[in-house]
Structures are given as C-alpha cells and as structure tokens.
Amino acid sequence: QVQLVESGGGLVRAGGSLRLSCAASGRTFSSYFMGWFRQAPGKEREFVAGISWSGSRTYYADSVRGRFTISRDNAKNTLYLQMNSLKPEDTAVYYCAARESDRIVVVPDRYDYWGQGTQVTVSS
C-alpha cells in the first residue's frame, strides 16, 4: 500500500496561484495512477485532475482545464498540482488519491488510497 500526505494549501486572493504537493511513501509510487480531488463544504467530492503512471497522460475537469496543471516526479515520489488564475469557487479541501489500475477514473470510490487533505481558500 501507499501513504499520501498533501501540503501547499493556504489562503490566496482571486487570480493568484498555489502549488500543491502530495508526498507518497510505501509501495512504488510509479505503480499508481494519481488523482487530485476536492470537496467544498456541503458538496460532494469531485475529480480535479489525474495523471498516468508514467506521467504521459493527464486529464482535467472542465472547470480547471487551462488553469491547473498536474504533474509527478516518480524519482521523488511526489505528485503536484499547479493552480493558476484561482477563483473563489476553487475553495475546497484538496485531496490526492492513488489507484492501482493505470486507467482514468473520475469516481472517488474507485481510488484505493487517500491523503488527509489540504485546505485551499480563495478570497474575492
């Protein structure tokens, strides 16, 4: 199994940027499809972005495409989410998740491991 720890959240003004990191430990990081999800108060957890084992394939929710970039460094066992042009509606707890199958899935319960989350707050 793999353990995941997110960092990099915080408070930022609209239009600003943040970079989230997700440090993995345990089983080989490169064996997992990785995803970023977010959950706002009173809302369901939603898919934000995903990346394949090698990093060659990336996927984005329509709401973040063109503003967010997912990447991974398998040598450092770390997943990243660069978030630019942030909007108040991006405010949420952001989670990284790992899935053993190298196929894109946007449903949260199809992921095997989760981090504890990091809060992102965008003020207007």
Side-chain angles (χ1 to χ4, degrees):
Q1 61 181 9
V2 64
Q3 293 77 43
L4 305 172
V5 179
E6 302 95 335
S7 62
L11 174 64
V12 64
R13 290 188 175 182
S17 299
L18 281 175
R19 188 193 196 198
L20 305 184
S21 298
C22 173
S25 60
R27 190 179 160 189
T28 306
F29 177 66
S30 58
S31 299
Y32 294 94
F33 183 97
M34 298 299 297
W36 284 102
F37 288 78
R38 66 186 182 187
Q39 188 166 19
K43 295 188 177 181
E44 294 186 352
R45 192 168 298 189
E46 64 175 358
F47 174 81
V48 174
I51 188 167
S52 62
W53 292 351
S54 67
S56 62
R57 292 175 285 124
T58 57
Y59 309 88
Y60 297 94
D62 289 343
S63 59
V64 306
R65 187 175 291 112
R67 300 188 297 123
F68 291 10
T69 302
I70 188 171
S71 62
R72 66 191 297 164
D73 186 336
N74 288 341
K76 295 183 177 180
N77 293 341
T78 305
L79 175 72
Y80 303 100
L81 185 68
Q82 178 66 44
M83 305 186 295
N84 298 330
S85 302
L86 282 161
K87 304 175 181 180
E89 51 264 44
D90 294 318
T91 295
V93 177
Y94 283 70
Y95 300 88
C96 65
R99 186 167 186 270
E100 294 184 355
S101 173
D102 196 28
R103 296 181 66 179
I104 173 64
V105 171
V106 301
V107 178
D109 63 6
R110 299 293 295 276
Y111 284 74
D112 303 297
Y113 305 100
W114 291 85
Q116 83 289 348
T118 185
Q119 176 71 47
V120 171
T121 303
V122 185
S123 63
S124 57

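Just so you know, these numbers come straight off a predicted model, no measurement behind them.
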Arg67 meets the side-chain hydrogen bond (donor to acceptor under 3.5 Å, both in side chains) criterion, sequence neighbours left out, with Asp90
d(Asn77 CG, Gln3 CD) to nearest 0.5 Å is 11.0 Å
Could you state whether Val12 and Val48 fall into the same hydrophobic cluster, counting links through intermediate Ile, Leu, Val, Met, Phe, Trp or Tyr residues with side-chain heavy atoms under 4.5 angstrom apart? yes
Are the side chain of Tyr60 and the backbone of Ile70 linked by a donor-acceptor contact shorter than 3.5 Å? yes
- [ ] Assess whether atom CZ of Arg65 is packed by more than 12 heavy atoms of other residues, nucleotides or ligands within 6.0 Å.
- [x] yes
Item to complete: Hey, can you tell me if Phe37 and Phe47 have their rings parallel, tilted or perpendicular (30° and 60° cut-offs)?
Response: perpendicular
ask   = Is there a path of hydrophobic side-chain contacts, each under 4.5 Å between heavy atoms of I, L, V, M, F, W or Y residues, that connects Tyr59 with Val105?
value = yes
| query | Just by distance, do the side chain of Asn74 and the backbone of Trp53 share a donor-acceptor pair under 3.5 Å? | reply | yes
Heavy atoms of Tyr111 and Val107 approach each other most closely as CD1-O, 3.5 Å
Without swapping roles, check the side chain of Ser56 against the backbone of Ser54 for a donor-acceptor pair under 3.5 Å.
no
inquiry  = Less than 4.5 Å apart, side chain to side chain, heavy atoms only: is that true for Met34 and Leu4?
reply    = yes
Distance col, row Gln1:CD vs Glu100:CD, nearest 0.5 angstrom, shows 10.0 Å
Heavy-atom closest pair (Ala24 atom, Val2 atom, distance to 0.1 Å) is CB-CG2, 3.8 Å
Original post:
Above 12 or not: heavy atoms from other molecules or residues under 6.0 Å from CD of Gln116?
Top reply: yes
Applying salt bridge (Lys or Arg N to Asp or Glu O under 4.0 Å) to Asp109 and not counting sequence neighbours gives none
Between the SG atom in Cys96 and the CZ atom in Arg72, the distance rounded to the nearest 0.5 Å is 11.0 Å
TODO: Would you mind reporting whether Gln119 and Leu11 have side-chain heavy atoms less than 4.5 Å apart?
DONE: no
Tightest non-hydrogen contact, residues Ser71 and Ile51, listed as CA-CD1, 3.7 Å
When every non-hydrogen atom of Ser17 is compared with those of Ser85, the smallest separation belongs to OG-N, 4.3 Å
*Kindly assign one of parallel, tilted or perpendicular to the pair Phe68 and Tyr94, based on the angle between their ring planes and the thresholds 30° and 60°.*
tilted
Fill in: Short side-chain to backbone donor-acceptor contact, Arg38 and Val120, under 3.5 Å
no
Give the cluster check for Val122 versus Leu81: same hydrophobic cluster or not, with ILVMFWY residues linked at side-chain heavy-atom distances below 4.5 Å.
yes
Sequence neighbours excluded, the answer for salt bridge (Lys or Arg N to Asp or Glu O under 4.0 Å) partners of Glu89 is none
Scanning both residues in full, the closest heavy-atom pair of Ala40 with Ala92 reads N-CB, 3.8 Å
Practice problem: Take Met83 and Val64 through the test side-chain contact (heavy atoms from CB on, under 4.5 Å) and record every step on the way to the result. | Solution: CA-CA 9 Å; Met83 305 186 295; Val64 306; over 6 Å; no
Review point. Between Leu20 and Trp114, is there a shared hydrophobic cluster once you connect ILVMFWY residues whose side-chain heavy atoms come closer than 4.5 Å?
Key: no
When every non-hydrogen atom of Gly9 is compared with those of Thr118, the smallest separation belongs to N-OG1, 3.2 Å
Quiz prompt | Any donor-acceptor N/O pair, Glu6 side chain to Cys22 backbone, under 3.5 Å | solution = no
>> If hydrophobic clusters are built from ILVMFWY residues whose side chains come within less than 4.5 Å, do Phe33 and Val106 share one?
In response: yes
